[in-house]
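Below you'll find the structure, written out as structure tokens, and then a few comments.
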Amino acid sequence: MKKGTFFRSIISLSMACAVTLGTIQSASACTTIAVGKDASADGAPMIAHSVDGWYDERIEVVAGGKHAAGEMVDIYRDPCQDGYQPVELVGQIPQVEETYTYFDTGYPFMNEKGITIGEHTWSGDYAAFYNGEQAMMVIANLQALGLQRASTAKECVQIMGELAEKYGYADGGETLLVGDSNEIWIFEISGPGPLWTPDSGKPGAHWAARRVPDDEIHSGANRSVLREIDFNDPENFMWSTDITEYPKELGYWKEGEPFNYSIVFDTVEGNEAYTCSGRVWRVYDLLANSQNFAMCNEEQALTELPFSTKPDQKLTIQDIMAVYYDHYEGTPFDMTTGLAAGPWGNPVRYRAKKDNKPEDVAKFDWERSIAIYRCSYSFVSQMRPNMPAEIGTVLWYGCDSPDTTVHVPIYAGTTEVPEEWCNSDRWKFDPNCAWWAFNFVNNWATTGWNVIYPDIAAKRDAIESKLFAEQAEVDAKALELYNSGDTAGAKAYLTGYVCDTMDDVYDQWWAYAWELVGKFNDGQTVDVEEHSTSGFPYSMEYLDAVDYGHSHLDASKGLNGALPAGGAAEPEPSAQPEPSAQPDPSAQPAPSEAPAPSSAPQQPASGNSTTPIIIVVCLIAVVVVAVVILQKKKKN
């Protein structure tokens, strides 16, 4: 459906450009997965989220409690990037009588009632729907308020929607995965448009939500995913007041047509890239491979990739974690192969600047894998039924890139986390910070990926396996305290276990980081026990691709002196410039390292070859002096 142009006639191009530039960082950030309870091996719904970009990874446990009448809540913009840039106080709203403890990070992710939330940004049609002047709420505000005030996933969706309609939504298009031990809802929201005001009598947001079928999985990655809203199915869909009215005014939707939220509010028309849709395809390729979904570009994905699908088998939390280690291995997009991966299969691709790309492919970027170096944090949550929420919901949290992190368990009943995990300064290296430990290891892996990464993965898996093995015993001890009526004791026990585990992983990972420095350095592996070293191996394919040896041989033809052994015939001497001509700099050999010693003696350079150059330089000097003298005479 072609979108109308009504609104673009009343909004300035400069505003649209400014807003778009302000959201570049989130354009290709975050990959999410939801697993329905009947698609899960243990009956626990799961939500996973990688927060890809510079976002606040610090974990703050915000205590709930009773609140006095008249108490207010400060609303900040934009809290998700606190630590990267200053946040601005934009307003206040009334506090409710009672709130629940919740866990605040860049994007608040869990509360003591066992609700967890994942997020991804798709920005959407800013020109038509953004309102940063009159509207108050950004997505992280809604997440925090929803977690503080809701005890179920559905209630959380409703609270966030109501707050956005009342106070206005001042952010780009966003998706939230909101789950509890029974169900998962996918919530999407877009702004009211730049003409909205709080006293306009119109809703301050366009939001809708769709329930994930219990026996299916869902994935989203920076594109709207809701698809068509079925207004006749309130059991599986929710939507905002008058959601079709403003799109109809814009000419984006006509009465009688299906209301496809994704097409109306997102902007993918003509987008041939795979940056976002490729990751969703890969999730389904890994977890529902038998369905053989085709790779789709961004526009095709709105109609050709499903909202959700059945996995090939029931999934464990380890299955979901493994998806976040992926770099498209074994596919045509495999980022561990090809020249861009270097000699040792490095999947990391740093961003190319827009003005520094080949013209014919300037609209594309590097392949964008699920695991990515610039991830701030990731998690997989399991919301287990038949237990109190404080014990049943566990969020496995990892700092930095998910492929080289260790996920640590945080129970919903936890009341604090260690200092190393809740305080950091990303602007300078800090050996007292958990995030820096994992970031350091990820960076070290890139110096020889296919040699170093297997070592890191084995270490990661060993630590996580131990933590998974401990879980049943930890659950049992906490349940024993909880069932005896000692809820506070159960929370204290869980908090102690979480803090001890996080401290231990922190210590282990820093120690391991320095172990890597000693074991893998200068392109070699150091075996301490055998007192031996071995170089990182090159593949013959890589050496052939970079024209190994031949480039050196070709370069040597332009040098005076003997050729390398086995070289071609000596090149003809280059022509010397005429004595009266200015020498051509390109005719002079570029500075280079001295050639390797050869059995043939070096021939001394001819003394006559520099004579013309000296003559020309002298002539130029004479001319310059003459010009200076003439100018002085004129002044006199």
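Numbers for residues simply follow the sequence, beginning at 1. The shown structure was predicted, so the numbers you read here are calculated from the model rather than taken from an experiment.
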Does the [X] side chain pair with the main chain of [Y], one donor and one acceptor, at a distance under 3.5 Å?
X      : Y      : answer
Asp486 : Tyr482 : no
Thr32  : Gly220 : yes
Asp503 : Pro418 : no
Gln143 : Pro108 : yes
Thr393 : Met383 : no
Ser308 : Val212 : no

Using a 6.0 Å cut-off, check whether atom CG of Asp233 has over 12 heavy atoms from anything other than its own residue.
yes

Looking at Lys310, I'd like to know if its NZ atom is crowded, meaning that more than 12 non-hydrogen atoms belonging to other residues, nucleotides or ligands lie closer than 6.0 Å.
no

Just checking, Arg210 and Tyr261: is the charged tip under 6.0 Å from the six-membered ring centre and within 45° of the axis?
no

So if I apply the ring pair (Phe, Tyr, Trp, His ring centres under 6.0 Å) rule between Tyr397 and each of Phe438, Tyr377, Phe379, Trp435, which one comes out positive?
Tyr377

Give a yes-or-no answer on whether the side chains of [X] and [Y] include a donor-acceptor pair shorter than 3.5 Å.
X      : Y      : answer
Asp504 : Thr501 : no
Ser50  : Ser378 : no
Asp455 : Tyr512 : yes

Check: Arg426 and Asn439 side chains under 4.5 Å, non-hydrogen atoms
no

What class does the angle between the rings of Trp396 and Phe468 fall in, given that below 30° is parallel, 30 to 60° is tilted and above 60° is perpendicular?
tilted

